[in-house]
Each structure stands twice: as structure tokens, then as C-alpha cells.
Amino acid sequence: MLNTVCEPYKELEEVIQTFEEQLELFFSKDFDTTAKIPKQNENLGQVFTSAILAKFMIGLLKESLNNNSTILDPCIGPNTFFKAMSDDFLNCNLKGIEIDINLINEEIKKFFENNKRTLIKGSFFDLPVNEKFDLIIQNPPYVRQELLTDGANSKDSIRYNSSFLLSTIPSQSNLYIYFLLKSILHLKDNGVMVAVIYDSWLYSSFGKFLKESFLKLGHLDSIYHFKKSAFENAEIGATVIKFVKNKSHRKSMSYFPLNDLSDLRNYTGLKVNCLKLKQQELLAHNFNNHSVINFKSNLFKPLKTIVSQPIQRGTSAVVNSHFIFSKNELPELKPIVKDVSQIKTYTVNQENAFILAINGSISKETSKYLESVKNEILRTPIEKYKAVKRDIETKKDWYKINLKSRGNFIFNYYLRNNIDFIYNPNKLLSSDNFYSLYITSKELANFSILNSSFTRLSTLNNSRTQGNGLRKIQLYEFKEVKVMDVNKLSEMTLKKLDLLGTQLMNVNRYEKEQKHLIEQIDLVLLDEYNKQHNSSLTIDELNSEIKEYLS
């Protein structure tokens with residue numbers, strides 16, 4: 001049982017037997033006729049479904065269609081799904097919900113005039129949980145957890161009581177997680193839900209909770225993973241899932257790795273690359289790693305196991321625009337490595353910015369500056385700097401920051417063509433756009449390994465696209481990046497890597513010379529890899545796979 005429950009609910013919680021009952025209580029509330037109306041320009045997380053994707057998803061839903069099926073779309077948007085349904089759905093009872101009344105045009109109003117169709121202008125989270133449906137189809141909104149603090153999609157608007165069952169759903173959960181879980185509550189036994197969602201649930205910590213929830217509430221029939229994008233206006237990985245609310249029949253699920261919507265246009269045989277997974281394999285399967293390299297072999301170790309202290313982000317400023325300086329203008333400023341583009345070689349020898357980091361007494365000059373900054377922050381629009389404003393109101397020392405421990409390597413977690421581990425021999429302070437690592441064992445050999453195409457590919461495997469050729473790797477993903485274990489390499493290989501690491505230190509990261517040196521490192525490691533795996537992997541194969549990620 002959970003321990004974070006208010007007194008009035010303790011007795012009630014003791015009678016809750018199942019996870020589904022917990023969720024029902026979490027979401028249960030009287031229909032709210034005074035629900036918050038979205039403000040103009042409020043972030044509702046809307047990315048609309050293309051016609052080709054809608055047709056594909058309707059096809060998945062059609063497999064479970066019965067005469068007079070009841071169907072829900074909890075966030076109709078421009079009514080893409082219902083409008084695209086074929087004559088097979090004519091006898092179905094359709095219910096659509098939309099919180100953004102700006103989207104409800106005359107065409108949509110006319111569509112719902114049919115006596116078998118119902119339109120609700122309001123929040124899906126006000127729909128009573130005892131209303132059940134045979135089928136659900138949806139493209140739920142995508143809003144990060146830190147943006148669920150207020151407005152129409154605030155957490156207070158989502159759940160019955162913000163203090164009850166506080167730990168039922170992880171606090172990091174994106175808004176689409178709440179949509180999916182409440183949707184499952186609205187399914188009848190053996191009901192089916194088809195949804196398109198961003199693929200972050202395959203990799204994230206809150207995604208583990210969602211996977212476990214799927215297994216507790218029913219089973220996944222299939223996952224269609226569009227690794228580049230399933231949306232025409234957002235280049236980010238997404239999945240189409242088909243969920244069945246049937247706990248008694250735990251069959252295997254089908255996983256289809258795809259690239260983007262073009263695969264639906266050109267792919268006549270989706271089953272060619274289909275992977276069958278047992279339901280429990282959903283929790284452990286690595287949905288990222290489909291590399292030519294066998295990263296599961298004991299030649300590789302997770303990055304988190306070769307460091308001498310935990311990997312962490314660098315030091316954060318209170319507000320970058322006010323607390324990061326290009327020049328040393330105040331007595332309390334400390335030098336910091338901030339701009340990765342100013343680091344020309346693979347070694348950082350000096351800081352390129354200054355951070356206002358106060359610890360102890362404050363000079364009059366800085367005190368005056370902080371007062372002006374405070375007033376400027378408080379004058380900004382209400383939606384800006386919310387956390388800082390709370391600190392200003394509640395903490396006298398709102399401007400203080402914690403300086404993070406320093407490592408001998410730093411790594412910028414936004415990835416383009418330069419995916420470089422930068423040597424930081426003087427352990428300079430780095431900002432929070434870097435991950436900081438401290439590696440004491442065989443430093444130069446590891447330096448070479450970290451900048452090899454092997455590590456680069458493992459990093460890309462664990463990263464996610466941000467669109468326009470940009471990728472990002474989260475800290476928890478970065479810790480799992482696989483690197484070659486120096487303890488499994490021959491003495492001759494280690495000597496070569498030491499020498500190459502020494503040469504790499506002062507090579508320009510933006511010139512052709514670095515490519516030649518990385519290639520030499522790759523050849524040394526390829527020799528070891530092929531010997532230990534009895535394989536014939538080539539540099540061309542490594543480079544070809546890297547290009548797939550960065551194209």
C-alpha cells in the first residue's frame with residue numbers, strides 16, 4: 001500500500017484491491033461544468049494526425065469492429081479519425097471530446113448532428129470513468145510533466161485529488177500517459193484501443209511504469225515504431241499501439257520497426273521485419289539497439305560502470321540570461337565552460353564564460369545587480385520563470401546555486417555531426433549543457449575509445465531525434481551507452497590507443513585531420529572486435545550506420 005495518503009482516504013485505500021481500482025479512484029470526479037477553458041496560445045500539446053496515418057490506424061481498429069460498436073476519441077482535434085472512417089463504421093455510436101473549442105468548426109458540428117454521434121466540448125478528464133466503450137482511437141496531446149502545473153491540462157484538472165494516491169503515476173509522466181491510462185479505464189472487457197504516441201515511453205523511466213500498466217490492465221497486440229517520425233509536421237520518433245483489455249489471454253505481441261510515414265506508402269509487406277515479443281519481454285527489450293555491432297557481448301560495458309564518480313550534468317545557472325556572463329564583470333563570477341562551439345580541439349584548456357555563483361558574503365556591486373535582476377524577473381509574464389519566482393518569494397538566498405563536482409571528460413548532450421568526448425585534464429567547471437565524467441583508469445586509452453565510432457554508434461542508439469538533424473541523449477540514457485572495456489583489450493591494443501589518445505588531444509574537431517585519427521582508432525578497435533567475435537565488420541559499415549542516424 002502507498003504511504004503518501006491523506007487521513008480521510010486511508011480507510012478507503014485499504015479496500016482497493018487492484019491496480020485498475022486505484023486508477024479509477026485516481027481519475028474519478030464529478031463532471032466539471034466549470035472546467036478551465038484553454039487560454040489563447042496555451043500549450044495544449046497538439047500535433048495533428050495525417051490522413052495516411054489515420055487510415056492506417058482505422059484499419060487496425062476495424063479488425064475488432066462489431067455491429068453497433070461504441071467508439072470514443074478523447075481528443076478529436078480536427079476530427080481526423082471519425083471523418084476518415086469508412087462505411088463499415090456507419091452503425092457505430094461515436095463520441096468525440098475536444099477541449100480546444102477553437103477547433104470545433106461548422107463542419108465538425110454538422111458531423112455530430114447524427115443521433116448516433118455525440119460531441120463534448122470540454123476535458124476528457126471530466127468524463128465519468130463508469131462510461132465504457134468497445135473501441136477507442138486517439139492521438140493524445142504531448143505535454144512534458146514540468147508544463148502540467150496550471151492551465152487546462154494541469155495535474156489538478158487531471159485527477160480527483162492531488163494529494164491522494166500521489167505516487168500512483170510517476171511525476172515525470174508526460175500528459176499522454178494520463179490520457180492512455182484513463183482511456184483504458186473506459187474500455188469494456190475485450191475492448192481495443194489504437195493510439196499514436198511519441199516513442200519516449202519505450203525508453204524513459206515513466207515509460208517503464210506504462211509498460212507495467214499495459215501488462216496489468218490487458219496486453220499489447222502490436223507496436224508500430226516510426227523511428228524518425230509518424231507526423232508530417234514534427235520530426236520525432238513515434239509509435240502506433242494496439243492495446244486489448246483482456247488480462248486472461250497473454251499472447252505474444254508484434255513489433256514493427258519502421259522509419260517514417262513513407263513506409264506506410266511503400267511498404268506492402270509490413271510483416272517482413274516483424275519481431276515477435278512475449279508480453280513480459282516488453283519490460284526488458286532494447287527498442288533502440290538494432291546495430292551491426294553486438295553491444296550485448298562482454299567486450300562492452302555501460303558508461304556508468306567505468307567512471308569513478310556518478311555521471312551528472314554540469315552546473316546550472318539560476319537564469320542563463322542573467323547569471324551567465326561573457327566577461328568577468330562581478331567579483332563573485334566563476335569561470336565556466338559553456339559554449340561547446342568555442343572548444344576547437346578535443347581538449348578544453350580554458351573556460352569560455354562566467355557564472356554568478358555566490359557562496360558566502362556578497363559585494364555591494366553584486367547585491368545591487370541581484371536586486372535589479374529580481375525586479376526584472378518578477379516583471380516578466382506570469383508563465384515565465386515560475387520556479388525562480390517561487391524561490392524569490394520563499395527564499396532569502398534565491399540566487400544561490402550548487403556547484404557540481406568536476407570530471408576529466410565532458411560531453412555535450414545535443415548531437416549533430418560532432419559527437420565528441422572532450423578531455424578536461426584541468427577539471428574545469430562545466431555548465432549544464434554538458435555531462436561530466438570522471439575516469440581514472442587508463443585515461444588516454446579510454447579517451448580514444450570514447451571518441452571511436454563504436455561509442456558514437458552506441459550513443460546514437462540511445463539518443464532520440466529532435467528534428468532537423470538534431471538529436472538529444474538524456475542522462476539516464478547516456479549512462480547506459482556501451483563502451484569497449486579496456487580490461488578486455490590486449491596490451492598491444494592499449495599501447496596503440498594511448499598513443500592515438502595523445503595525438504587526439506590537440507587535434508581540431510572541425511578539420512579533416514580528426515577524421516583520419518578517428519579512423520585509426522576505429523581500425524585498432526575493429527581488429528580487436530573482429531578477433532573476439534570471429535567477424536569481419538568494416539569501417540564502411542560503421543560509417544554507413546552513423547549516416548543513417550544523422551541524415
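Predicted, not measured: the structure shown is a model, and the values here were computed from it. Note that the numbering runs from 1 along the sequence shown for the chain.
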Say you draw a straight line from [atom1] of [X] to [atom2] of [Y]; how long is it, rounded to the nearest 0.5 Å?
| X | Y | atom1 | atom2 | value |
| --- | --- | --- | --- | --- |
| Lys427 | Asn408 | NZ | CG | 5.5 Å |
| Thr459 | Ile546 | OG1 | CD1 | 9.5 Å |
| Ile311 | Ile306 | CD1 | CD1 | 7.5 Å |
| Thr239 | Tyr255 | OG1 | OH | 9.0 Å |
| Ile410 | Leu428 | CD1 | CG | 8.0 Å |

Quick one, Glu371 with Lys374, criterion salt bridge (Lys or Arg N to Asp or Glu O under 4.0 Å). Give me CA distance, side-chain angles, the key distance, then yes/no. CA-CA 5 Å; Glu371 187 64 23; Lys374 179 178 76 172; 3.5 Å; yes
Exercise: do [X] and [Y] side chains pair donor with acceptor under 3.5 Å:
| X | Y | answer |
| --- | --- | --- |
| Ser200 | Tyr142 | no |
| Lys472 | Ser463 | no |
| Ser308 | Thr440 | yes |
| Lys242 | Ser254 | no |
| Glu332 | Ser363 | yes |

If you take all heavy atoms of [X] and [Y], which pair is closest and at what distance?
| X | Y | value |
| --- | --- | --- |
| Thr455 | Phe421 | CG2-CE1, 3.8 Å |
| Val240 | Val194 | CG1-CG1, 4.2 Å |
| Ser341 | Asp339 | OG-OD1, 2.6 Å |
| Leu429 | Arg406 | N-NH1, 3.6 Å |
| Gln309 | Ser405 | NE2-OG, 3.4 Å |
| His225 | Leu202 | CE1-CD1, 3.5 Å |

Hits for side-chain hydrogen bond (donor to acceptor under 3.5 Å, both in side chains) against Thr345, two or more places apart or cross-chain, chain-then-number order -> none
Kindly say whether the aromatic ring centers of [X] and [Y] come within a distance under 6.0 Å.
| X | Y | answer |
| --- | --- | --- |
| Phe409 | Tyr423 | yes |
| Phe478 | Phe411 | yes |
| Tyr176 | Tyr198 | no |

Specify whether Phe56 and Tyr224 have parallel, tilted or perpendicular ring planes, treating 30° as the upper limit for parallel and 60° as the lower limit for perpendicular. perpendicular
Under 30°, 30 to 60°, or over 60°: which ring-plane class applies to Phe300 and Phe295, parallel, tilted or perpendicular? perpendicular
For residues 511-526, please give each side-chain donor-acceptor pair under 3.5 Å, one per line with the distance, not counting sequence neighbours.
residue, atom, partner, partner atom, Å
Gln514, OE1, Tyr346, OH, 2.8
Asp522, OD1, Ser453, N, 2.8
Asp522, OD2, Ser453, OG, 2.6

Taking atom [atom1] of [X] as the centre, does the number of heavy atoms from other residues, nucleotides or ligands within less than 6.0 Å exceed 12?
| X | atom1 | value |
| --- | --- | --- |
| Lys404 | NZ | yes |
| Lys488 | NZ | yes |
| Asp397 | CG | yes |

In sequence, state the C-alpha distance, the side-chain angles, and the governing distance for Leu450 and Phe447, and then conclude on side-chain contact (heavy atoms from CB on, under 4.5 Å). CA-CA 5 Å; Leu450 290 173; Phe447 180 38; 5.6 Å; no
What verdict does the side-chain contact (heavy atoms from CB on, under 4.5 Å) test give for Leu215 and Glu212, after you've listed the backbone C-alpha separation in whole Å, the side-chain angles of each residue and the deciding distance to 0.1 Å? CA-CA 5 Å; Leu215 299 183; Glu212 292 171 345; 5.8 Å; no
Tell me, with the steps shown, if Ser448 and Lys496 meet side chain to side chain donor-acceptor pair (under 3.5 Å). CA-CA 10 Å; Ser448 293; Lys496 291 178 181 178; over 6 Å; no
I'd like to know whether Val337 forms a side-chain contact (heavy atoms from CB on, under 4.5 Å) with Ile422, so could you lay out the CA-CA distance, the side-chain angles of the two residues, the decisive distance to 0.1 Å, and finally the verdict. CA-CA 11 Å; Val337 179; Ile422 297 169; over 6 Å; no
Given the rule in the side-chain contact (heavy atoms from CB on, under 4.5 Å) test, do Arg471 and Ile419 qualify, once you have shown the distances and angles that lead to the verdict? CA-CA 10 Å; Arg471 300 183 71 88; Ile419 307 170; over 6 Å; no
Filter on ring pair (Phe, Tyr, Trp, His ring centres under 6.0 Å), then keep only pairs touching residues 313-337, sequence neighbours left out; what's left? Phe325-Tyr369
